[in-house]
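See structure below.
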Amino acid sequence: MALIPRRRLVVVGYGMVAHRLLADLSGAQGEEWQVTVLAEENRPAYDRVNLSHYFDSTDPDALLLDPTGLVDARIELGDPVIGIDRENATVRTRSGRRFGYDALVLATGSDPFVPPIEGRDGGGTFVYRTIEDLDDIRERAGRSQTGVVVGGGLLGLEAANALRTLGVATHVVEMANWLMPQQLDEGGGQLLRRHIEALGLTVHLGAPTASVRVDESGEVSGVTLADGNHIAADLVLFSAGVRPRDQLARDCGLAVGERGGISVDVSCRTSDPNIYAIGECAHIDGRVYGLVAPGNAMADVLADRLGGGSAVFSDPDTSTKLKLLGVDVASFGDAFAQLPGALDLVYSDPVAGTYGKLVVTDDAQTLLGGILVGDAEAYPTLRAMVGGPLPEAPAELILPAREGAPQLELPAGAQVCSCNDVSKGAICAAIAEHELRGVPGVKKCTKAGTSCGSCVPLVKKILDGELKKAGVAVSSAICEHFAFSRAQLFDIVRITGITTFSKLISEHGQGRGCDLCKPAVASILASLGGGHILDGEQAALQDTNDHFLANLQKNGTYSVVPRLPGGEVTPDKLLAIAQVAKDFNLYTKITGGQRIDMFGARVEQLPEIWRRLVDAGLESGHAYGKALRTVKSCVGSTWCRFGVQDSTTMAIMLELRYRGLRAPHKIKSGVSGCARECAEARGKDFGVIATDKGWNLFLGGNGGFTPRHAELFARDLDEATLIRYIDRFLMFYVRTADRLQRTAPWIQSLEGGVDYLRGVIVEDSLGIAAELDAAMQRHVDSYSDEWRAVLEDPVKLRRYVSFVNAPDVPDPSISFVSERDQIRPALIAGPELQVVSA
Ligand SMILES: Cc1cc2nc3c(=O)[nH]c(=O)nc-3n(C[C@H](O)[C@H](O)[C@H](O)COP(=O)(O)OP(=O)(O)OC[C@H]3O[C@@H](n4cnc5c(N)ncnc54)[C@H](O)[C@@H]3O)c2cc1C
Ligand code: SF4
């Protein structure tokens, strides 16, 4: 029997979309093709979406896309195609080789766009697209002080964050009036700015870059903005959009879009019936896409067509989510309400730093899109609901979580992973069919979550739900990168003595980590005394407030809260605080935790403010940290005629004992001198109330959305026993609670609740009491003031700048409010909910 020769398929470019095509062709479609891939880069396809992770691992192989299950193909690396001869159906590579084709696929991606401005080629200018770009940036960052990123879009912010973690003071210049103008409306963009500045980045808006300044040696010395302002810098990174790589197509006379991109029809075919284009280089349906999901959709269509099918490209998902640690931003569907009759439903809470917008049809029946800033937890669920029916009260979808709020159930047809077009139904079917028990299995079987990763939390939620329904024990793993709960991870760190995230994930986890595991590990390392929280790679794991050891406020300034143990303060310390507040023009207020908060400090003022406070004998109050905040007290028996014990001394002693203890969440306490409870101790994580025989101890009182009174744990304790019990309670909580779990839900989650806790703490039912005691003693012995350490370390001090080269110049965008009458309306205005027509 004569064999039918296989047809020759040549693919130009081996990026993410070409890789997807090879995976798609591994089925029946690929059998009749003899595939050759001609690649410009020297390595097989890698995960460009997660390129920034290369700065974490420095191992380029860690980014390579999974090569299993691809169609058999000859792959030629490092030899780009430089010409297409359509007449003879061949392509020519740079090394002079020729390859004949029956079908040719162009998957050449994009080039970063560098605006045609003076100085753009100076030494120290970069783009952000390949592993080699990142190698060059890292090398330069090692000898740079200040960097400017031109472009405040999704990629620009990601690049800026990368520069920041490389220790470069970073400015972002965006010509629009707000950040991420392609994805966010003005309200969302303005709020994002505050979050970005909290990371330590300086933002310049409404200012196109006019030129890059270059010195006599050809090296960049800064950028000049169109408004005349100059930013001194020794590194400039362009992230001002991308341009499709269509030169090969132009040179051989294929049709291209008006603004670039190789024109293709809905089957991905170019103006030559034997040539196709997919991915970022293609101009399809009147536009080019700079995202991987539409590219993957094109690869799927093409694979089907090459196998004789009739698939067509339609309506790709262009949802995006910013990938910066601690800055949640998401934009999906018709985010700008462009469809006729679309309505906006906006929830904005500037105090909490959250902004949510839902775009719905005019009958409020169907979700069309939305924007989330500050809290994007609902993003995967909302994105999956686009095009589907809304619940009765759609506002619930973006209002803060609270008890009694309706739970959302996704329909089976809802798309969960937009990059790979995987529905909830497909995930549930794979879980049942292959008896999957973990997220990695689901990813492998369905491809969900294997590209940008933003849907992974939803995949996990669906998996947990399905396992629960099937009566299978649900994994308590913190995320897909660690097969352990937070408590187990805590034990691993404790027993192994590991002090860095990179070592922990390389030895006990997998992948590169995410927004769930990174801050959780940062907290564990801090709880176990893993050095100063701004030391080395620890600094990059911290949430925004911890990053500057100060609390970011709604106008972009910071507040400063020195510790006043038990609420007691001497006249000299009061004078020192007053003088600092006066000299720096800070608004002062007594907090609910009996301290003095000074508002309105600029980031570069923080070290000087703290230097003066530390000189006056004050120290960090950890108001910014997931740590012990305050131990509030009443005046007790020293002054009050009802007092039966010295509550103030007890509160001071407790606050000094537990100060600096890092925990899954903030911890508050109170001590009252008698049952009248003036210190409101029962609203605290641990509360102490004096009796005439000693002290009653209450545990698990929390504020928040579901306030809870603390429960009585033990009565009439003597001082030593009281402290022993609190030591054990706190250490057991620190070790075993989930990330961001406060003490009340933690106690509720323990089988047996407070009774179980009593067993552990009082009766030593787990045999760990001595260990908990020793751990707390280690904490007490090793405490040192975080702010004093910053002041003594020039490297840590480097981060406290608005403008590195002009430290005295404040950020002009920050507004200052010093009069109480001015600030009051803003404080009491609270969240607003409005419905407006688009
Ligand atoms: C830092 C970063 C973060 C990103 N984050 C996201 C995100 O969160 N979500 C998202 O959806 N997208 C994101 N993207 C975009 C996403 O990476 C791209 O959409 C995707 O890589 C496009 O795939 P592609 O195959 O079309 O192009 P590419 O992946 O760029 O591959 C094209 C390949 O073709 C090669 N090539 C070009 N010309 C030739 C030639 N003549 N001969 C041979 N080879 C050639 C190139 O060298 C390249 O290797 C991000 C991109 C970057 C850079
Ligand atoms: S709690 Fe009791 S001791 Fe303390 S101030 Fe109130 S009345 Fe006085």
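One-based numbering, in listed order, for ligands and for the atoms of each.
Geometrically, ligand 1 and R129 share a nitrogen or oxygen pair separated by less than 3.5 Å. At under 3.5 Å, a nitrogen or oxygen of E41, whether backbone or side chain, sits near a nitrogen or oxygen of ligand 1. Between Y128 and ligand 1, a contact under 3.5 Å exists for no N or O pair. The N/O atoms of S52, backbone and side chain alike, include none that comes under 3.5 Å of an N/O atom in ligand 1. Here's the thing with V292: one of its N/O atoms is less than 3.5 angstrom from an N/O atom of ligand 1. On a distance-only criterion, P80 and ligand 1 share no N/O pair closer than 3.5 Å.
Between Y128 and F55, the ring-plane angle classifies as tilted under the 30° and 60° cut-offs.
Taking 4.0 Å as the cut-off between side-chain N and carboxylate O, R129 and E41 do not count as a salt-bridged pair. Ionic pairing of D111 and R245 is present here: one or more N-O contacts between side-chain nitrogen and carboxylate oxygen are shorter than 4.0 angstrom. Between R682 and E677 there is no salt bridge, since no side-chain N of the basic residue sits under 4.0 Å from a carboxylate O of the acidic one. In summary, D24 and R20 engage in a salt bridge, as defined by a charged side-chain N under 4.0 Å from a carboxylate O.
For ligand 1 and G279, the ligand atoms under 4.0 Å from any heavy atom of the residue are 26 (O). Atoms of ligand 1 found under 4.0 Å from any heavy atom of G109 (numbered from 1 in listed order, with element): 26 (O), 27 (O), 30 (O), 32 (C). With ligand atoms numbered from 1 in the order given, ligand 1 contributes 41 (N) to contacts under 4.0 Å with heavy atoms of L248. Numbered from 1 in the order shown, with element, the atoms of ligand 1 that lie under 4.0 Å from a heavy atom of V12 read 40 (C), 42 (N), 43 (C). Which parts of ligand 1 touch G290 is read off a 4.0 Å heavy-atom cut-off, strictly below it: atoms 15 (C), 19 (O).
Counting all heavy atoms, side chain and backbone alike, A160 lies closest to V172 at CB-CG2, 3.6 Å.
At a 4.0 Å heavy-atom cut-off, ligand 1 touches M16 through backbone and side chain alike. With a 4.0 Å heavy-atom cut-off, ligand 1 is reached by the side chain of L155 but not by its N, CA, C or O. Contacts of A39 with ligand 1, taken as heavy-atom pairs under 4.0 Å, involve the backbone alone. Counting heavy atoms under 4.0 Å from ligand 1, residue A107 touches it through the backbone alone.
Within the structure, the salt bridge (Lys or Arg N to Asp or Glu O under 4.0 Å) test picks out the following pairs touching residues 260-272 (sequence neighbours left out): R86-D272.
Taking OG of S637 as the start and CG of D646 as the end, the distance is 5.0 Å to the nearest 0.5 Å. The line from OG of S669 to NZ of K632 is 11.0 Å long, rounded to the nearest 0.5 Å.
The option with the heavy atom closest to atom 23 (O) of ligand 1, from among L65, V17, V11, is V17. Here atom 26 (O) of ligand 1 lies nearest to E280 when heavy atoms of M298, E280, R48 are compared. Across the listed options V81, V49, L106, V49 owns the non-hydrogen atom lying nearest to atom 13 (C) of ligand 1.
The backbone N or O of T90 sits nowhere less than 3.5 Å from a side-chain atom of N88 that would complete a donor-acceptor pair. For the pair D102 (side chain) and R8 (backbone), a donor-acceptor distance under 3.5 Å is present.
Under the salt bridge (Lys or Arg N to Asp or Glu O under 4.0 Å) criterion, D79 pairs with R97, not counting sequence neighbours. The salt bridge (Lys or Arg N to Asp or Glu O under 4.0 Å) test applied to R98 returns no partner, not counting sequence neighbours.
Cation-pi check for R676 over F642 is met; the charged atom lies under 6.0 angstrom from the ring centroid and within 45 degrees of its normal. In this structure, R43 is not positioned above the aromatic face of Y14 in the sense of NZ or CZ being under 6.0 Å from the six-membered ring centre and within 45° of the axis.
For atom 2 (Fe) of ligand 2, the set of protein N/O/S atoms nearer than 2.8 Å consists of C674 SG, ordered by chain and number.
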